Structures are given as structure tokens and as C-alpha cells.
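Input: a single structure, listed below in C-alpha cells.
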Amino acid sequence: MKILLINRLIGIFWGGGESFDYNLAKALRKMGHDVFILTGKPLFSPPKNKIDLETFYLSTPYLRGISYKLWNKIPKIPNAIVQFDLIIFEKKAFKWIKENKDKFDVIQILSLPRLAEK
């Protein structure tokens with residue numbers, strides 16, 4: 001089975017969700033499935049995290065770093081920046097999925113509920 005896992009940050013930032021998704025992908029691969037990752041990468045540089053699975057990278061701005069700096073200074077703006085960051089990735093990911101959906105048996109969207117609605 002060909003499985004695509006979509007994770008916004010695995011190519012940019014490594015946290016608990018990214019570790020979980022990576023380990024899920026490795027376990028599925030051990031079970032004999034072909035596993036692929038769709039993730040973001042910084043706009044003008046290579047991915048910060050390269051992983052040992054076939055990965056498709058979408059160049060998108062990483063705006064969360066800005067929101068983390070403003071978190072205690074300006075109310076509501078950091079959350080708006082995070083949401084804008086997700087919207088940009090989701091739009092690019094939706095277009096990519098639409099063009100490539102027939103290549104996969106399963107497309108698993110991880111922590112991106114708006115993308116799953118489309």
C-alpha cells in the first residue's frame with residue numbers, strides 16, 4: 001500500500017508530533033508499506049530536517065518563529081500569524097495533493113483539520 005503522511009513541520013522543526021509521525025511512518029514501512037511524507041521547508045533554504053523516507057517538500061514561509069517572539073508582547077497577533085502560516089501551507093498542500101492523489105492509496109492528514117475538510 002502507498003501511504004502519504006502530511007505533516008506541516010517535519011521538514012522545518014522537530015517536536016513531539018513530528019517524532020510521532022516519523023515513528024508511525026517507520027512502523028508502516030516495516031509492515032511492508034511504501035510510506036511518503038509531504039511537508040514544508042523554508043522558502044529560500046533547504047529543509048532543516050532531512051529524513052530517511054521519500055519526502056516531498058513544499059517551499060513555504062515559516063512564520064511561527066515570529067509569533068513565538070511576539071507571544072507575550074502583542075495579544076492575538078501571534079495566533080493570527082500561526083493561522084496564516086497554516087493557511088499558506090494548506091493551500092499549497094491542497095494543490096499538490098489534487099495533482100498527485102492518484103499515486104497514493106491512503107492520504108493521512110496530520111494536525112491540519114482545515115486541509116482535511118477540503
Side-chain angles (χ1 to χ4, degrees):
M1 188 177 296
K2 292 183 178 184
I3 302 169
L4 175 68
L5 302 178
I6 304 170
N7 176 298
R8 162 69 179 118
L9 292 177
I10 205 165
I12 298 172
F13 177 82
W14 200 270
E18 290 69 35
S19 293
F20 179 87
D21 296 345
Y22 173 74
N23 287 318
L24 171 64
K26 297 288 270 188
L28 289 167
R29 193 165 76 172
K30 267 187 177 178
M31 295 170 67
H33 301 291
D34 295 325
V35 182
F36 307 87
I37 303 284
L38 176 64
T39 189
K41 77 170 201 67
L43 264 180
F44 303 110
S45 62
K48 293 184 179 181
N49 299 320
K50 292 191 177 185
I51 56 175
D52 57 349
L53 296 165
E54 187 167 347
T55 305
F56 305 101
Y57 294 96
L58 300 176
S59 294
T60 55
Y62 178 62
L63 304 174
R64 289 182 185 205
I66 297 167
S67 72
Y68 296 146
K69 291 177 185 173
L70 298 175
W71 201 257
N72 292 331
K73 298 176 183 162
I74 306 171
K76 297 187 182 179
I77 297 295
N79 188 45
I81 292 169
V82 168
Q83 293 307 311
F84 186 60
D85 176 89
L86 286 173
I87 288 168
I88 292 169
F89 177 78
E90 288 165 347
K91 285 184 181 274
K92 278 192 119 170
F94 181 74
K95 182 180 178 199
W96 190 95
I97 293 164
K98 199 171 172 183
E99 294 168 356
N100 295 281
K101 67 181 181 214
D102 295 332
K103 297 177 183 175
F104 307 100
D105 300 308
V106 175
I107 298 175
Q108 176 67 40
I109 299 170
L110 306 159
S111 301
L112 298 165
R114 279 189 307 254
L115 184 57
E117 288 178 355
K118 297 179 181 190

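Just so you know, these numbers come straight off a predicted model, no measurement behind them. When a residue number appears, it is its place in the shown sequence, counting from 1.
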Step by step, work out the side chain to side chain contact (heavy atoms under 4.5 Å, CB included) result for Ile107 and Phe36.
CA-CA 9 Å; Ile107 298 175; Phe36 307 87; over 6 Å; no

Quick one: closest heavy-atom pair of Ala25 and Leu53, and the distance?
CB-CD1, 3.4 Å

Under a 4.5 Å side-chain heavy-atom rule over Ile, Leu, Val, Met, Phe, Trp and Tyr, are Tyr62 and Trp14 clustered together?
no

Looking only at atom types and distance, does a side-chain atom of Asn7 sit under 3.5 Å from a main-chain N or O of Thr39, one as donor and one as acceptor?
no

Is the side chain of Lys26 donor-acceptor paired with the backbone N or O of Lys30 at a distance under 3.5 Å, no angle test?
no

Let me check something: do Met1 and Met31 share a hydrophobic cluster, defined by ILVMFWY side-chain heavy atoms less than 4.5 Å apart, either directly or through other members?
yes

I'd like to know if the side chain of Lys48 and the backbone of Phe13 have a donor-acceptor N/O pair within less than 3.5 Å.
no

Distance-minimising heavy-atom pair for Ile10 and Tyr22
CD1-CB, 4.1 Å

When hydrophobic residues are tied together by side-chain contacts of less than 4.5 Å, even through go-betweens, does Leu86 share a cluster with Leu58?
yes

Rounded to the nearest 0.5 Å, how far does CG of Asp52 lie from CZ of Arg29?
5.5 Å

So which atom in Val35 and which in Leu28 form the shortest heavy-atom distance, rounded to 0.1 Å?
CG2-CB, 3.7 Å

Asp85: which residues meet the salt bridge (charged side-chain N to carboxylate O under 4.0 Å, His left out) condition with it, sequence neighbours left out?
Arg8, Arg64

Can Phe104 and Ile97 be said to form a side chain to side chain contact (heavy atoms under 4.5 Å, CB included), step by step?
CA-CA 10 Å; Phe104 307 100; Ile97 293 164; over 6 Å; no

Pairs touching residues 94-111 that satisfy salt bridge (Lys or Arg N to Asp or Glu O under 4.0 Å), sequence neighbours left out:
none

Identify the heavy atoms of Pro42 and Ser59 that sit nearest to each other, and give their distance.
O-OG, 4.3 Å

Classify the ring geometry between Phe56 and Trp96 as parallel (under 30°), tilted (30 to 60°) or perpendicular (over 60°).
tilted

Does some side-chain heavy atom of Leu9 sit less than 4.5 Å from a side-chain heavy atom of Phe89?
no

Among Ile37, Leu38, Asp21, Leu110, exactly one meets side chain to side chain contact (heavy atoms under 4.5 Å, CB included) together with Ile6. Which residue is that?
Leu38

Minimal heavy-atom distance between Ile12 and Gly40, with the atoms involved, is CG1-O, 3.6 Å

